[in-house]
Student: 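Take this structure, written in structure tokens, and hold onto it; I'll ask about it next.
Just the heavy atoms: all of them, side chains too, but no hydrogens, waters or symmetry mates, feed the values below.
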Amino acid sequence: NTPIVDGMPDGWRVVKLGDISDFKYGKMPKKEKIKNSGYPLFSGYGVVGYYDEFMFANEMLIVVARGVGGTGDVKFSPHHSYLTNLSIIFLLQQEKYKYFLFQQYQFRNLRELDTGAAQSQITIENLSRHKTILPSHEVIDSFNCFFEPIHNKVLNHKQNISTLKNARDKLLPKLMSGEIEV
């Protein structure tokens, strides 16, 4: 029952991403500091190792900024992770936009911003100029009440899957060798 004004629901607006967020590139990790345990080293494509330090305690909305098969993908980083230079981090002025933007770009990525010639690349400048549609604050708040519990369940399931995979990887060789019996 929302009235349409200039082709959009009343209260919705077109904004440049740079009007609602600052952006920061991840950092190139030092190879000698990459370990087998610690804080996840997240490239945007996935966890590529572990580090002794993290950049952000909370999960961050990121866009994969460089690489062969994923430039433009919008994802969440793991909590307490170190983000590599393959990603650009959204430093949103209002944290409540993160779930809506994620959902908006999850299946319709930002690949259109790719300006790389020899290698795919999205720049902060192009990302800042990109226009997007934002709903009213009431719609954002309502969306977050719906989406956040689902998102948290997904994170919990992913953590459980990771724990179970680690247990499998430790137990399976022992079962196969006969070291332990069922």
Side-chain angles (χ1 to χ4, degrees), residues 1-27 39-47 51 53-67 70-114 122-164:
N1 297 329
T2 302
I4 303 298
V5 179
D6 295 328
M8 278 195 291
D10 190 30
W12 290 50
R13 63 199 192 282
V14 175
V15 298
K16 292 179 183 174
L17 287 176
D19 292 339
I20 61 169
S21 183
D22 292 323
F23 300 97
K24 177 181 179 177
Y25 288 108
K27 295 180 182 177
Y39 297 109
L41 180 59
F42 189 71
S43 71
Y45 290 97
V47 175
Y51 225 58
E53 58 188 272
F54 62 88
M55 293 171 69
F56 299 99
N58 297 324
E59 67 180 0
M60 299 299 290
L61 186 64
I62 62 123
V63 62
V64 179
R66 295 180 187 87
T71 301
D73 289 352
V74 176
K75 301 179 178 187
F76 282 114
S77 70
H79 291 272
H80 294 93
S81 61
Y82 190 94
L83 301 169
T84 74
N85 61 333
L86 297 182
S87 57
I88 297 174
I89 302 110
F90 284 74
L91 301 171
L92 292 163
Q93 294 166 3
Q94 293 189 41
E95 192 69 15
K96 68 181 178 178
Y97 293 142
K98 77 178 182 179
Y99 294 129
F100 182 80
L101 290 172
F102 170 74
Q103 199 61 29
Q104 185 176 21
Y105 291 113
Q106 181 181 11
F107 298 110
R108 188 193 123 233
N109 65 26
L110 292 165
R111 182 68 186 222
E112 65 198 54
L113 302 178
D114 184 354
I122 293 176
T123 64
I124 287 175
E125 183 180 337
N126 288 341
L127 193 57
S128 294
R129 288 194 310 245
H130 180 72
K131 292 182 181 177
T132 194
I133 298 172
L134 281 184
S136 65
H137 290 287
E138 294 82 20
V139 171
I140 288 277
D141 292 340
S142 179
F143 177 80
N144 286 343
C145 285
F146 170 78
F147 186 81
E148 189 171 14
I150 294 169
H151 178 70
N152 289 336
K153 279 186 177 185
V154 168
L155 288 178
N156 189 26
H157 288 313
K158 285 182 177 179
Q159 181 60 45
N160 288 340
I161 289 168
S162 177
T163 300
L164 290 169

Student: Is His151 close to Glu59 at the side-chain level, that is, under 4.5 Å between some pair of heavy atoms?
Tutor: yes
Student: Give a yes-or-no answer on whether the side chains of Tyr25 and Ser87 include a donor-acceptor pair shorter than 3.5 Å.
Tutor: no
Student: With sequence neighbours excluded, what pairs up with Glu148 under the side chain to side chain contact (heavy atoms under 4.5 Å, CB included) test?
Tutor: Tyr99, Asn152
Student: Can you list everything that forms a ring pair (Phe, Tyr, Trp, His ring centres under 6.0 Å) with Tyr82? Sequence neighbours excluded, please.
Tutor: Tyr51
Student: With sequence neighbours excluded, what pairs up with His79 under the ring pair (Phe, Tyr, Trp, His ring centres under 6.0 Å) test?
Tutor: none
Student: Could you tell me which residues satisfy side chain to side chain contact (heavy atoms under 4.5 Å, CB included) with Ser136, sequence neighbours excluded, listed by chain and number?
Tutor: Glu138, Val139
Student: Less than 4.5 Å apart, side chain to side chain, heavy atoms only: is that true for Phe90 and Ser21?
Tutor: yes
Student: Taking side chain to side chain contact (heavy atoms under 4.5 Å, CB included) as the definition, give me every residue that meets it alongside Ser128, ordered by chain and number, with sequence neighbours left out.
Tutor: Phe23, Ile124
Student: Quick one: closest heavy-atom pair of Pro78 and Val47, and the distance?
Tutor: CG-CG2, 4.4 Å
Student: Check side chain to side chain contact (heavy atoms under 4.5 Å, CB included) between Lys96 and all other residues, then give those that pass, not counting sequence neighbours.
Tutor: Gln94, His137, Ile140, Asp141, Asn144
Student: State, yes or no, whether a side-chain contact exists between Pro9 and Ile4 at a heavy-atom distance under 4.5 Å.
Tutor: yes
Student: Just by distance, with hydrogens left out, do Thr132 and Gln104 show a side-chain donor and acceptor under 3.5 Å apart?
Tutor: yes
Student: Salt-bridge test for Lys16 and Asp19: reply yes if a basic N is under 4.0 Å from a carboxylate O, no otherwise.
Tutor: no
Student: I'd like to check Leu83 versus Ile62 (side-chain heavy atoms, cut-off strictly below 4.5 Å). Are they in contact?
Tutor: yes
Student: A side-chain contact here means heavy atoms from C-beta on lying under 4.5 Å apart; do Phe42 and Ser77 qualify?
Tutor: yes
Student: If you measure from OH on Tyr45 to NZ on Lys75, what distance do you get to the nearest 0.5 Å?
Tutor: 7.5 Å
Student: Donor-acceptor check, side chain of Ser162 to backbone of Lys158, threshold 3.5 angstrom: yes or no?
Tutor: no
Student: Does some side-chain heavy atom of Leu113 sit less than 4.5 Å from a side-chain heavy atom of His130?
Tutor: yes
